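The model shown is predicted, which means the values in this text are computed figures rather than measured ones.
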Amino acid sequence: QVQLVKSGGGLVQAGGSLRLSCVVSGRTFSIYAMAWFRQAPGKEREFLAAISSGGRTYYADFVKGRFTISRDNAKNTGFLQMISLKPDDTAVYYCALRYLDYDVGVRNYAYWGQGTQVTVSS
């Protein structure tokens, strides 16, 4: 069984920053790509960023320069550092795993974290 345990969500003012963490158990984290998605009320889940098993990163255009994805294989943990947060960033954030290489499609990830709420106040 794979578990993805997230932490770091919460309430922050516009312009602030948050760091989300996702700890993986039950799988050899180093051979999986990790991605971050988010879903706002009434909207579809959208891709934010991904990092391959080899460390290559890819970002959605609208988060470039504000969000940074990283991973620490020794700690089985992936991270999403978010800066300059805006009220439009308010959503439930999810981490997800996919074997080896990343993909931007929601349907292409086999394992998902439980989601963590990020709320950005104006």
Side-chain angles (χ1 to χ4, degrees):
Q1 185 177 359
V2 177
Q3 287 189 316
L4 286 74
V5 179
K6 296 182 60 180
S7 62
L11 175 65
V12 65
Q13 288 188 333
S17 62
L18 281 175
R19 188 192 197 201
L20 305 182
S21 301
C22 183
V23 181
V24 177
S25 61
R27 282 291 182 272
T28 304
F29 178 59
S30 61
I31 64 173
Y32 283 84
M34 173 173 278
W36 291 86
F37 294 78
R38 72 184 182 189
Q39 188 166 18
K43 295 187 177 181
E44 293 186 351
R45 193 168 297 188
E46 62 180 353
F47 171 83
L48 299 174
I51 185 167
S52 72
S53 59
R56 290 183 302 114
T57 58
Y58 182 79
Y59 296 91
D61 286 343
F62 62 89
V63 303
K64 286 181 180 177
R66 296 196 303 126
F67 292 8
T68 302
I69 190 170
S70 61
R71 63 190 297 157
D72 185 339
N73 289 339
K75 296 182 179 180
N76 286 354
T77 303
F79 304 95
L80 185 69
Q81 177 70 50
M82 305 183 292
I83 65 171
S84 302
L85 284 163
K86 310 171 184 178
D88 285 349
D89 293 319
T90 295
V92 177
Y93 284 67
Y94 298 88
C95 60
L97 291 184
R98 183 176 188 270
Y99 183 60
L100 286 182
D101 207 356
Y102 57 70
D103 190 274
V104 300
V106 171
R107 300 179 190 277
N108 295 322
Y109 285 82
Y111 307 105
W112 289 84
Q114 79 278 16
T116 189
Q117 177 69 45
V118 171
T119 302
V120 184
S121 62
S122 57

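Here L80 contributes atom CG and W36 contributes atom CH2; the two are 6.0 Å apart, rounded to the nearest 0.5 Å. Note that CZ of R66 is 9.5 Å distant from CG of L48, once rounded to the nearest 0.5 Å. Rounding to the nearest 0.5 Å places CE of M34 at 10.0 Å from OH of Y109. Taking OG from S52 and CD1 from I31, the interatomic distance works out to 13.0 Å, rounded to the nearest 0.5 Å. One distance of note links CD1 of I83 with CG of D89; it measures 11.0 Å at 0.5 Å rounding. Annotation: the span from S17 atom OG to L85 atom CG amounts to 7.0 Å, rounded to 0.5 Å.
Proximity of a side-chain donor or acceptor of T90 to a complementary backbone N or O of D88 within less than 3.5 Å is not detected.
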Please lay out, stage by stage, how M82 and V118 fare under the test side-chain contact (heavy atoms from CB on, under 4.5 Å). CA-CA 11 Å; M82 305 183 292; V118 171; 4.1 Å; yes
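A heavy-atom distance below 4.5 Å is not found between the side chains of L97 and W112.
At a cut-off of 3.5 Å, with distance as the only test, no side-chain donor of Q114 or T116 sits close to an acceptor on the other residue.
What you find for Y94 and G113 is that their closest heavy atoms are CD2-O, 3.6 Å. Considering all non-hydrogen atoms of both residues, A14 and P87 come closest at CB-CD, 4.0 Å.
None of R45, E44, Q39, E46 except one satisfies the side-chain contact (heavy atoms from CB on, under 4.5 Å) rule with V106; the exception is R45.
A cation-pi contact, defined as under 6.0 Å to the ring centre and within 45° of the axis, links R71 to F29.
Aromatic ring orientation, Y58 versus F47: tilted (interplanar angle from 30° to 60°).
Criterion: ILVMFWY side-chain heavy atoms under 4.5 Å apart, direct or through other members. Under it, I69 and F62 are part of a common hydrophobic cluster. Clustering ILVMFWY residues whenever any of their side-chain heavy atoms sit less than 4.5 angstrom apart, transitively, puts L20 in a cluster other than the one holding F79.
Not a single side-chain hydrogen bond (donor to acceptor under 3.5 Å, both in side chains) links R98 to another residue, sequence neighbours left out.
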